[in-house]
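Basis for what follows: all heavy atoms, side chains included, without hydrogens, waters or symmetry-related copies. Only a predicted model underlies this, so the values are computations on that prediction, with no experimental measurement involved.
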Amino acid sequence: MSQLTDETGALSTDDTGILTTDVLLIGAGPAGLYGAYYAGFRGLGVTVMDVLPQLGGQISAMYPEKPIFDIAGFLSVRGRDLVDGLVAQAEPYSPCYLLGHRAAQLSYDEAGLPVVRSDQGATVRARAVVITGGVGTFTPRPLPAGEEFLGRGLEYFVPDPSVHEGRDVVVVGGGDSAFDWAALLAPIARSVTLVHRTARFRAHTASVEKVRTLGVEIVTDSEVSRLIGADRVEQAELRHRTTKETRVIPAGTVVAALGFLADLGPLKHWGLDLQARKITVDTHMATNLPRVFAAGDITDYPGKVRLISVGFGEAATAVNNAATVIDPEAALFPGHSTEKEH
């Protein structure tokens with residue numbers, strides 16, 4: 001596979017305009033990234049498509065700095081470090097990443113191979129598809145004020161904290177993500193102000209106390225009513241919900257951590273067998289559609305347990321069974337990794 005993407009998800013295609021791959025993984029969370037490694041380990045070309053602009057799925061979007069305690073072999077691993085490790089594990093096999101691309105349409109070509117088209121115009125023909133979309137497409141709840149500054153100071157994710165070094169940062173929200181971002185940015189920003197519409201927080205008490213000890217100003221019973229600036233955000237207007245009094249504070253970055261809306265999106269119209277917004281699979285992790293498999297939190301079967309560790313095993317099962325569909329003479333069991341020369 002020679003076609004590659006840059007970080008914006010711009011696709012370099014051949015003269016047919018179609019990217020051909022062995023395995024297309026839809027979803028770049030932990031299960032998808034582990035699936036990318038396993039497909040490469042099996043000698044398969046792999047492409048990963050995700051609607052988010054960065055790798056890591058919910059971990060990168062919602063809790064990159066949180067310690068995760070139920071990953072085998074680790075007493076504790078920070079979310080960001082787990083994602084970095086999964087990306088590094090797959091890197092030797094040169095997966096093609098289509099970031100910022102929502103899987104929109106599924107069809108089949110004359111040879112019976114699945115063809116997936118993204119909302120950005122990319123077309124991928126795969127010999128097998130593995131859906132690893134977690135909770136499906138999840139989009140941030142918008143900040144009512146200042147949407148015109150999105151990408152110009154208003155952010156919903158903080159993939160690279162160093163970008164905000166030396167800035168006045170306003171974090172909006174009262175959940176774990178809001179307090180995580182505030183704690184992460186406090187040591188490097190000029191100032192951090194956290195704004196929440198009530199005096200009650202959804203975040204863990206320890207997270208709240210940590211942010212307080214870092215000197216973050218916490219403004220409660222208030223909302224960001226307006227963003228002010230020319231080319232980018234320069235100030236934020238805060239309005240008290242009861243008194244309606246306003247004040248304007250410096251704001252080079254506004255991080256809106258208001259939660260996410262999860263939805264299966266276009267997958268609902270693909271003809272998949274769905275149960276309560278989950279994809280039904282069999283013991284092969286196969287769906288009811290030809291050459292389409294699924295793994296991770298998006299799947300459902302009797303006794304399903306939604307853990308990252310379970311998703312890893314399901315991704316390996318899905319890829320290995322997909323390999324036998326791609327090549328009926330291929331063995332289901334790929335051999336032990338210790339037997340492979342590196």
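- A donor-acceptor pair shorter than 3.5 Å cannot be found between the side chains of D300 and T280.
- For the residue pair T253 / H164, a side-chain donor-acceptor distance below 3.5 Å is found, with atom types taken as modelled.
- For R80, the CZ atom counts as densely surrounded, since its 6.0 Å shell holds more than 12 non-hydrogen atoms of other residues, nucleotides or ligands.
- In this structure the side chain of C96 reaches within 4.5 angstrom of the side chain of L19, judged on heavy atoms.
- The shortest heavy-atom contact between T324 and A330 is CG2-O, 3.7 Å.
- Counting heavy atoms from C-beta on, the side chains of T246 and L238 never come closer than 4.5 Å.
- Taking the charged nitrogens against the carboxylate oxygens, E217 and R247 do have a contact shorter than 4.0 Å, which makes a salt bridge.
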* Asked: Can you check side chain to side chain contact (heavy atoms under 4.5 Å, CB included) on V172 and V170, steps first, answer last?
  -> CA-CA 6 Å; V172 187; V170 176; 4.2 Å; yes
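- Residues passing the side-chain hydrogen bond (donor to acceptor under 3.5 Å, both in side chains) test with S76, sequence neighbours excluded: none.
- Around CZ of R239, the count of heavy atoms belonging to other residues, nucleotides or ligands within 6.0 Å does not exceed 12.
- Distance alone, capped at 3.5 Å, places no donor-acceptor pair between the D221 side chain and the R241 backbone.
- Scanning both residues, P114 and R291, for their nearest heavy atoms gives CD-CD, 3.8 Å.
- The shortest side-chain heavy-atom distance between V48 and L98 does not fall under the 4.5 Å cut-off.
- Exactly one residue among V130, N321, T317 makes a side-chain contact (heavy atoms from CB on, under 4.5 Å) with M285. That residue is T317.
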* Run the side chain to side chain contact (heavy atoms under 4.5 Å, CB included) check on H101 and Q120 step by step: do they pass? -> CA-CA 6 Å; H101 286 254; Q120 300 300 312; 3.4 Å; yes
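- Within the 3.5 Å criterion, the main-chain N or O of D297 finds a donor-acceptor partner in the side chain of R306.
- Although no hydrogens or angles enter the test, the distance criterion places a donor-acceptor pair under 3.5 Å between the side chain of D119 and the main chain of R102.
- Contact between D160 and S162 at its shortest, heavy atoms only, is OD1-OG, 2.6 Å.
- With sequence neighbours excluded, the residues that form a side chain to side chain contact (heavy atoms under 4.5 Å, CB included) with E234 are A230.
- Smallest separation of non-hydrogen atoms from V233 and A251: CG1-O, 3.0 Å.
- The CZ atom of F293 lies 10.5 Å from the CG atom of N320; values are rounded to the nearest 0.5 Å.
- Using cut-offs of 30° and 60° for the angle between ring planes, the Y38 and F41 rings count as perpendicular.
- The environment of L75 atom CG is sparse: at most 12 non-hydrogen atoms of other residues, nucleotides or ligands sit within 6.0 angstrom.
- A heavy-atom distance below 4.5 Å is not found between the side chains of P30 and V83.
- Take S222 and apply the side-chain hydrogen bond (donor to acceptor under 3.5 Å, both in side chains) test, not counting sequence neighbours, and it matches no residue.
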* Do Y156 and L143 pass the side chain to side chain contact (heavy atoms under 4.5 Å, CB included) test, and can you show the C-alpha distance, the side-chain angles, and the key distance before you say yes or no? -> CA-CA 9 Å; Y156 291 109; L143 182 71; 4.1 Å; yes
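- With salt bridges taken as basic N to acidic carboxylate O contacts below 4.0 Å, one links R127 and D22.
- Of the candidates I298, I279, V281, L272 forms a side-chain contact (heavy atoms from CB on, under 4.5 Å) with just one, namely I279.
- Taking the six-membered ring where tryptophan is involved, the planes of F201 and F179 are perpendicular, since the angle between them exceeds 60° and thus also 30°.
- Side-chain polar atoms of K304 and T299 form a donor-acceptor pair below 3.5 angstrom.
- The neighbour count for F74 CZ, taken as heavy atoms of other residues, nucleotides or ligands under 6.0 Å away, does not exceed 12.
- Checking S225 against E237 by side-chain atom types alone, a donor-acceptor pair falls below 3.5 Å.
- Heavy atoms from other residues, nucleotides or ligands lying under 6.0 Å from CG of D231 number 12 at most.
- Contact between A236 and L227 at its shortest, heavy atoms only, is CB-CD2, 4.0 Å.
- Salt-bridge check for R125 with D109: passed, with a basic side-chain N closer than 4.0 Å to an acidic carboxylate O.
- Taking both residues in full, the closest heavy atoms of Y108 and G112 are given as CD2-O, 3.3 Å, listed atom of the first, atom of the second, then distance.
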